[in-house]
Amino acid sequence: MEAIEPLVRHFLGIFFLMIGLQFAGRSLGLFRRMHFSHINYGERGTAPWWHRHIFNVFRTAILLVCLVRIFADIDGGLGVFGALYQWPVLLAGMVLLLVSFASVNYLQAYMHEDWRSGIDRRAEGTHLLTEGPFGRSRNPLFISVITGQLGFFLALPSVFSLVCLIAGVLVITRQAREEEKALAERFGAAYEDYRTRVPRWF
């Protein structure tokens with residue numbers, strides 16, 4: 001535990017910092033190349049708009065907490081679950097975070113020019129993906145993100161990470177329904193056929 005605990009502590013800070021930099025860099029690069037934002041908030045006050053802002057608040061809180069933990073002992077204020085704060089659990093969390101990171105990157109690469117964050121209301125530019133990982137689940141990217149959220153809880157088992165996990169799963173499942181409604185409106189019968197053949201999650 002003496003070796004594993006500081007390893008996971010530093011890993012979390014660096015991991016979430018790099019995730020933020022990667023997402024920002026990818027989004028800015030796509031905007032520079034394609035001349036439109038791949039990040040879609042939706043209209044102010046709508047469900048997707050709230051989902052995006054809630055997700056951003058928690059993502060920022062997670063990053064700040066993980067960075068501060070590298071330099072200061074704030075675990076008492078996070079409500080750490082002592083029974084779970086053991087090296088096998090922490091390592092399992094770290095592994096799940098890496099699995100999530102790899103799968104998210106794979107899926108975004110698989111989507112290629114069709115990747116969007118949020119609901120893109122523009123008339124052009126995306127296709128209905130029904131093959132590969134999307135032939136087994138309608139929301140493989142969201143499954144990967146939830147895997148990472150579970151990994152964070154295990155890597156830092158606490159009241160704070162449990163609240164983040166619950167809020168994250170709720171936001172993602174609600175956003176999945178919103179995105180599926182938008183896809184049904186856009187692709188009509190083709191999406192209905194896809195929906196009947198492929199499960200939403202597993």
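Note that the structure is a prediction, hence the values are computed from the model and not measured. These numbers come from the heavy atoms of this one structure, side chains and all, not from hydrogens, waters or symmetry mates. By convention here, the first residue in the shown sequence is residue 1.
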List the atom pairs, donor and acceptor, that lie under 3.5 Å between side-chain atoms in residues 133-159 and the rest of the protein, sequence neighbours left out.
{"residue": "Ser137", "atom": "OG", "partner": "Asn139", "partner atom": "N", "Å": "3.2"}
{"residue": "Ser137", "atom": "OG", "partner": "Arg200", "partner atom": "O", "Å": "3.3"}
{"residue": "Ser137", "atom": "OG", "partner": "Trp201", "partner atom": "O", "Å": "2.6"}
{"residue": "Arg138", "atom": "NE", "partner": "Glu180", "partner atom": "OE2", "Å": "3.0"}
{"residue": "Arg138", "atom": "NH1", "partner": "Arg195", "partner atom": "O", "Å": "3.2"}
{"residue": "Arg138", "atom": "NH1", "partner": "Val198", "partner atom": "O", "Å": "2.6"}
{"residue": "Arg138", "atom": "NH2", "partner": "Glu180", "partner atom": "OE1", "Å": "3.0"}
{"residue": "Arg138", "atom": "NH2", "partner": "Glu180", "partner atom": "OE2", "Å": "3.4"}
{"residue": "Asn139", "atom": "ND2", "partner": "Glu180", "partner atom": "OE2", "Å": "3.1"}
{"residue": "Asn139", "atom": "ND2", "partner": "Arg200", "partner atom": "O", "Å": "3.2"}
{"residue": "Ser144", "atom": "OG", "partner": "Ser103", "partner atom": "OG", "Å": "2.9"}
{"residue": "Ser144", "atom": "OG", "partner": "Pro140", "partner atom": "O", "Å": "3.2"}
{"residue": "Thr147", "atom": "OG1", "partner": "Ile143", "partner atom": "O", "Å": "2.9"}
{"residue": "Ser158", "atom": "OG", "partner": "Leu156", "partner atom": "O", "Å": "3.2"}
{"residue": "Ser158", "atom": "OG", "partner": "Ser161", "partner atom": "N", "Å": "3.1"}
{"residue": "Ser158", "atom": "OG", "partner": "Ser161", "partner atom": "OG", "Å": "3.1"}

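- Val95 shares a hydrophobic cluster with Val99; the chain of contacts runs through ILVMFWY side chains whose heavy atoms sit under 4.5 Å apart.
- Sorted by first then second residue, the ring-ring contact (aromatic ring centres under 6.0 Å, His included) pairs that include residues 167-191, not counting sequence neighbours, are Tyr191-Tyr194.
- For His51, the side chain to side chain donor-acceptor pair (under 3.5 Å) partners at least two apart in sequence or on another chain are Arg174, Gln175.
- With a 4.5 Å cut-off on side-chain heavy atoms, Arg59 and Ile19 do not count as touching.
- Listed by first and then second residue, the side chain to side chain donor-acceptor pair (under 3.5 Å) pairs involving residues 65-74 are Arg69-Asp75, Arg69-Tyr85 (not counting sequence neighbours).
- Between the CG atom in Leu63 and the CG atom in Leu12 there is a gap of 11.0 Å [rounded to 0.5 Å].
- Partners of Arg197 according to the side chain to side chain donor-acceptor pair (under 3.5 Å) rule, which considers only residues two or more places apart in sequence or in another chain, are Asp193.
- Proximity of Cys164 to Phe160: side-chain heavy atoms (C-beta onward) are separated by under 4.5 Å at one or more points.
- Applying the side chain to side chain donor-acceptor pair (under 3.5 Å) rule to Trp49 yields the partners His53; only residues at least two apart in sequence or on another chain are considered.
- The list of ring-ring contact (aromatic ring centres under 6.0 Å, His included) pairs with a residue in residues 54-73, not counting sequence neighbours, is empty.
- A search for side chain to side chain contact (heavy atoms under 4.5 Å, CB included) contacts involving Ala72 returns Val68, Ile74, not counting sequence neighbours.
- For Leu98, the side chain to side chain contact (heavy atoms under 4.5 Å, CB included) criterion is met by Phe11, not counting sequence neighbours.
- Residue pairs meeting the side chain to side chain donor-acceptor pair (under 3.5 Å) criterion with at least one member in residues 29-42, sequence neighbours excluded, are Tyr41-Asn56.
- Residue Cys66 comes nearest to Phe16 through the heavy atom pair SG-CD1, 3.8 Å, listed as atom of the first residue, atom of the second, then distance.
- Among residues two or more places apart in sequence or in another chain, the side chain to side chain donor-acceptor pair (under 3.5 Å) test is passed with Gln22 by Asn105.
- Once rounded to the nearest 0.5 Å, the distance linking CZ of Phe23 with CE of Met18 reads 15.5 Å.
- Side-chain atoms of Met111 and Arg116, non-hydrogen and from C-beta on, never get closer than 4.5 Å to each other.
- Linking Ile, Leu, Val, Met, Phe, Trp and Tyr residues whenever their side-chain heavy atoms come within less than 4.5 Å places Ile172 and Ile166 in a single cluster.
- In this structure, Asp120 and Arg186 approach most closely via the heavy-atom pair O-NH1, 3.7 Å.
- Under the 4.5 Å side-chain heavy-atom criterion for grouping Ile, Leu, Val, Met, Phe, Trp and Tyr, Phe15 is connected to Met94 within one hydrophobic cluster.
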